[in-house]
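A quick note: this is a predicted structure, and the numbers were derived from the prediction, not measured. Because only heavy atoms are used, hydrogens play no part in the values below, and waters and symmetry mates are left out as well, while side chains stay in. Per chain, numbering begins at 1; letters A, B, ... match sequence-line order.
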There are 2 protein chains.
Amino acid sequence: MSAPSRSRSGPGDPPRAGRRRAAHLGPAIRRPQVLDATLKLLVEHGYAGTSMGAIADAVGVTKPVVYECYPSKRELFGALLEREEGRIVAAIGSALGEEWKPVEESEEAYTQGFTALLTAARDAPDSWRIVFDSRGGPDPAVERRAREVRTLVVERLAAMIAAALEAGDRPRHGGDPARVAPVLAEMVVAIGESGVRTMLTTEGAWTPAELGSLLGRVAARGIEDL
Amino acid sequence: MSAPSRSRSGPGDPPRAGRRRAAHLGPAIRRPQVLDATLKLLVEHGYAGTSMGAIADAVGVTKPVVYECYPSKRELFGALLEREEGRIVAAIGSALGEEWKPVEESEEAYTQGFTALLTAARDAPDSWRIVFDSRGGPDPAVERRAREVRTLVVERLAAMIAAALEAGDRPRHGGDPARVAPVLAEMVVAIGESGVRTMLTTEGAWTPAELGSLLGRVAARGIEDL
DNA sequence: GACCGATCCTACCGACGGGTAGCTTTTCGT
DNA sequence: ACGAAAAGCTACCCGTCGGTAGGATCGGTC
């Protein structure tokens, strides 16, 4: 699970165990295949542990074909991040919704949000891992982008929570909303991540709706009357 | 922040920019220095991105000296993990305490636990990162060990939460405690991690006690009456 | 002040990874 | 059926990395 090297043994680069010549599909078709393979390997072995040769093998092709799709390793991973970032942002958008619901319905709002998030996470878990769990990044620029996405999510959530805190006219115990909201936002995101982990490790024991409901209840109760 | 290469430029291995010969300290003294340097680099660049040469440079020494301390890269990282694992387990022990407090005081129990955790995390943040955020591990064996520590923590917490859920004689909405407790445990751990992140990113804006109190309140309220 | 073991350093090896040049095979239009 | 463009493949370059041999230096001892 951790040895990224392909099954090599010969002296030169090409192991070419009796693999058949790959079909002539062309860069346009190959590019998404390359990204898919890269995503999988990246999650398993990290950036430095993922070699272009291993990616080529995973696609069932040789290195120059990969380089025909992306001119360098950096650009490949940059493109990958961009694609996953798009997926994440779209999912987050639908999970958070555009408007903050009234406080009375906040539990329902959280439940819906978590459910949407968990559904998206179940359908494309690696996309989430790459952003929320990004370490050992490609190079400073790409890694920074990954962190920025997370920061963006947390900030948007923080703004929504701050608005909700201020809207409520009950006594405040937690101090200044502007100070507390970011912490709570970070926490809500963490709760979402914990849900993703739960779904992945228990594999089918929970449905997104079921788990989302549980998480939503906990999050809403924890935050209300703060 | 992401280029693990040392400042090399010459053709061979040794850059030897005008560094002075290191003092004769010996393996026994050097070993902890090597572990410290390795931990720092590991957190920054991941396993594959951390070279023995870079470690040597960080210690202010050359590669053979590092190999005098640990016979291989694998063993070095194994020893590192063992040390950090010990620190973590000790901190967790004091954070969780030995007994589960009555439900009435659960908020206080959580607060104390989080505060202890955050204090430990503040004092040795990298120890935590390496375990909770372990990806691209050294080799299957070592990486597995890292995950086991996390699993252990979550399991112990789950047992305590399950006990607390069953002890409470109030109506249950969340379903079977044995099913719900692991999810909540995962969540509490996630909340703790979010607290660590908050402390790291806001750098001094929160004290462990203050933040621990906030997190404890949220966690306790979220879980009680479930 | 000369010896000696412990310690460190220079210089190197084989393997692997990113990246490329140029040949071979497939595919497709005519 | 044939030729050329498109796509893949082999074989290689160069730099870095894990790891090692053997010479240089330090620090204490007699």
The complete set of salt bridge (charged side-chain N to carboxylate O under 4.0 Å, His left out) pairs with one or both residues in residues 26-42 of chain A, sequence neighbours excluded, reads Asp36(A)-Arg83(A)
A correct 5'-to-3' footprint of nucleotides 24-30 of chain C, with B, S and - meaning base, sugar-phosphate only and no protein heavy atom under 4.0 Å, is BBSS---
Check step by step if side-chain contact (heavy atoms from CB on, under 4.5 Å) holds for Val189(A) and Arg150(A).
-> CA-CA 9 Å; Val189(A) 170; Arg150(A) 190 190 207 282; 3.8 Å; yes
To the nearest angstrom, how far is [X] atom [atom1] from [N] atom [atom2]?
X	N	atom1	atom2	answer
Leu76(A)	dG19(C)	CG	P	10 Å
Met52(A)	dG8(D)	CE	P	14 Å
Lys73(A)	dC16(C)	NZ	P	16 Å
Ile29(A)	dA7(D)	CD1	P	10 Å
Ile55(B)	dG19(D)	CD1	C1'	13 Å
Asp57(B)	dT10(C)	CG	P	11 Å
His45(A)	dG17(C)	NE2	P	11 Å
Phe77(A)	dG18(C)	CZ	P	8 Å

Rounded to 10°, tell me the angle between the two end axes of the helix from dG1(C)-dC30(D) to dT30(C)-dA1(D), each built from five pairs.
->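 About 10°, once rounded to a multiple of 10°.
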Can you find an N or O donor on one side and an acceptor on the other, under 3.5 Å apart, linking the side chain of Lys63(A) with the base of dG19(C)?
-> yes
Could you name each residue pair satisfying side-chain hydrogen bond (donor to acceptor under 3.5 Å, both in side chains) that touches residues 117-126 of chain B, not counting sequence neighbours?
-> Asp126(B)-Arg129(B)
Any side-chain N or O of Arg30(A) less than 4.0 Å from the OP1 or OP2 oxygen of dG8(D)?
-> yes
Proximal nucleotide (of [options]) relative to the [X] side chain:
X	options	value
Thr62(B)	dT20(D), dC9(C), dT20(C)	dC9(C)
Ser72(B)	dT10(D), dG19(D), dG18(D)	dG19(D)
Leu25(A)	dT7(C), dT20(D), dG8(D)	dG8(D)

Atom pair CH2 (Trp128(A)) and CG (Leu118(A)), whose distance is rounded to the nearest 0.5 Å |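 Reported to 0.5 Å precision, the distance equals 9.0 Å.
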Would you say Thr50(B)'s side chain and Leu41(B)'s backbone share a donor-acceptor pair under 3.5 angstrom?
-> yes
Not counting sequence neighbours, which residues clear side-chain contact (heavy atoms from CB on, under 4.5 Å) with Val34(A)? List them please.
->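 Per chain and number, Val34(A) pairs via side-chain contact (heavy atoms from CB on, under 4.5 Å) with Thr38(A), Ile55(A), Val59(A), Val66(A), Cys69(A), Tyr70(A), Leu76(A).
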CD of Glu68(B): more than 12 outside heavy atoms within 6.0 angstrom?
->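 Result for CD/Glu68(B): open.
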Where do Tyr110(A) and Ile191(A) land on the side-chain contact (heavy atoms from CB on, under 4.5 Å) test, with the steps shown first?
-> CA-CA 11 Å; Tyr110(A) 277 113; Ile191(A) 290 176; over 6 Å; no
Which residues share a side-chain hydrogen bond (donor to acceptor under 3.5 Å, both in side chains) with Arg179(A), sequence neighbours left out = Glu210(B)
